[in-house]
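In what follows, chains carry the letters A, B, and so on, assigned in the order in which the sequence lines appear, proteins first and then strands, with residues in each chain numbered from 1. What you are looking at is a predicted structure, and each value in this text was computed from that prediction instead of being measured.
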2 protein chains.
Amino acid sequence: MDTETHRDDAAGRLRAAGLKVTAPRLAVLDAVSGHGHLDADAVLARVTGTLPGTSLQSIYNVLGALTDAGLLRRIEPAESPALYESRTGDNHHHVVCTRCHAVADVDCVVGEPPCLAPSDSAGFAIHTAEVTFWGLCADCQRELAG
Amino acid sequence: MDTETHRDDAAGRLRAAGLKVTAPRLAVLDAVSGHGHLDADAVLARVTGTLPGTSLQSIYNVLGALTDAGLLRRIEPAESPALYESRTGDNHHHVVCTRCHAVADVDCVVGEPPCLAPSDSAGFAIHTAEVTFWGLCADCQRELAG
DNA sequence: GCAGTTGTTTTGAGTGATTCAAAACAACTC
DNA sequence: GAGTTGTTTTGAATCACTCAAAACAACTGC
């Protein structure tokens, strides 16, 4: 294993994106990776564990930079603050719980292509289709049935 | 034409929804109807024309009440304040311009039903699918083409 | 028509999420 | 190891919206 070249780790991906490698960035990347959908406060809470003294403003700066660089994806469901996830590149969709606002990924819609093709695009040159499903998460279903 | 019964006008619809008929409500209903997608400020601007002295707070109250009553629909595209439209009942979708945030209706997606059926719903009991298309509106395409 | 009740609007203040700006600081370059 | 440039921090400000209490106006029943 080469020490410098063969790493698709966090530092390498930051460099590849033309960003300087800093402790807050590594910490944010680590905090978001594999932890679903986090808002800025939740990211700060996780980052504070490994890097105490980090400011919320820095979290916003870092999240913005990483999102612009394509290393994170930002979603903004109605009624929720912005959420960040590490799964980028595939344009997957989301299910949001109408009761507790939990969010889960939806791999893709059954009929895949149709969702990228509105019947009438009103003169818009469309490049993305974003699908948000709304429903009750498993926990809330159970609590309401209970 | 019966003066009281045969009207599906604004006052009648308010009463049918169990709401009192007030000047601000009629003005808001009128302001939103047939004027696309307006945020609270834009509604206030229109209402102020016919009903000067109306407060922004009242606009929020009214928009909330009318939305709860199903007389208006609220959408919240990422990066925009909440927008209100008068077209309710059909669950139509929207195209948003990534440059100027203009919004247009999209009657329905080509493959209709697939969009309501995610391949894996992560245990959620889904009741709505919301589709937002992102692209460049006609005006912005023209301006960028120069 | 008029008083009473209840829902609505106004006024004023407050909050949460996010952004702006300037100064202190730390990565990378040479 | 010094310089340059991009980052982070600190502190304040903004935007969209909500909360609460008091003033007010619609509908009800008489």
Do you know which two heavy atoms are closest between [X] and [Y], and how far apart they sit?
{"X": "A/D90", "Y": "A/R73", "result": "O-NH1, 3.9 Å"}
{"X": "A/V96", "Y": "A/P77", "result": "CG2-CB, 4.1 Å"}
{"X": "A/L72", "Y": "A/T88", "result": "C-CG2, 3.5 Å"}

What nucleic acid atoms does [X] come within less than 4.0 Å of, heavy atoms only: base, sugar-phosphate, or nothing?
{"X": "B/A82", "value": "sugar-phosphate"}
{"X": "B/L56", "value": "nothing"}
{"X": "B/A23", "value": "nothing"}

Starting at [atom1] of [X] and ending at [atom2] of [N], how long is that distance when rounded to a whole Å?
{"X": "A/L63", "N": "D/dT8", "atom1": "CG", "atom2": "C1'", "result": "14 Å"}
{"X": "A/E76", "N": "D/dC15", "atom1": "CD", "atom2": "C1'", "result": "14 Å"}
{"X": "A/L83", "N": "C/dA17", "atom1": "CG", "atom2": "P", "result": "11 Å"}
{"X": "A/L14", "N": "C/dA26", "atom1": "CG", "atom2": "P", "result": "18 Å"}
{"X": "A/Y60", "N": "C/dA17", "atom1": "OH", "atom2": "P", "result": "7 Å"}
{"X": "B/Q57", "N": "D/dC24", "atom1": "CD", "atom2": "C1'", "result": "15 Å"}
{"X": "A/N61", "N": "D/dT10", "atom1": "CG", "atom2": "C1'", "result": "12 Å"}
{"X": "A/R74", "N": "C/dT19", "atom1": "CZ", "atom2": "C1'", "result": "12 Å"}

Q: With DNA chain D as reference, determine whether A/T54 or B/S80 sits nearer its 5' end, using the nearest nucleotide of each.
A: A/T54
Q. When the nearest nucleotide of DNA chain D is assigned to B/D41 and to A/P24 on a heavy-atom basis, which residue is associated with the more 5' position?
A. A/P24
**Q.** Check: A/H94 ring centroid to A/H92 ring centroid under 6.0 Å
**A.** yes
Q) 5'-most contact on DNA chain C: B/S58 or B/K20, nearest heavy atom basis? A) B/K20
**Q.** Donor on one side chain, acceptor on other, B/H37 and B/D105, under 3.5 Å
**A.** yes
Are OP1 or OP2 of [N] and a side-chain N or O of [X] less than 4.0 angstrom apart?
{"X": "A/S55", "N": "D/dT9", "value": "yes"}
{"X": "B/R25", "N": "D/dA26", "value": "no"}
{"X": "A/T22", "N": "D/dT8", "value": "yes"}

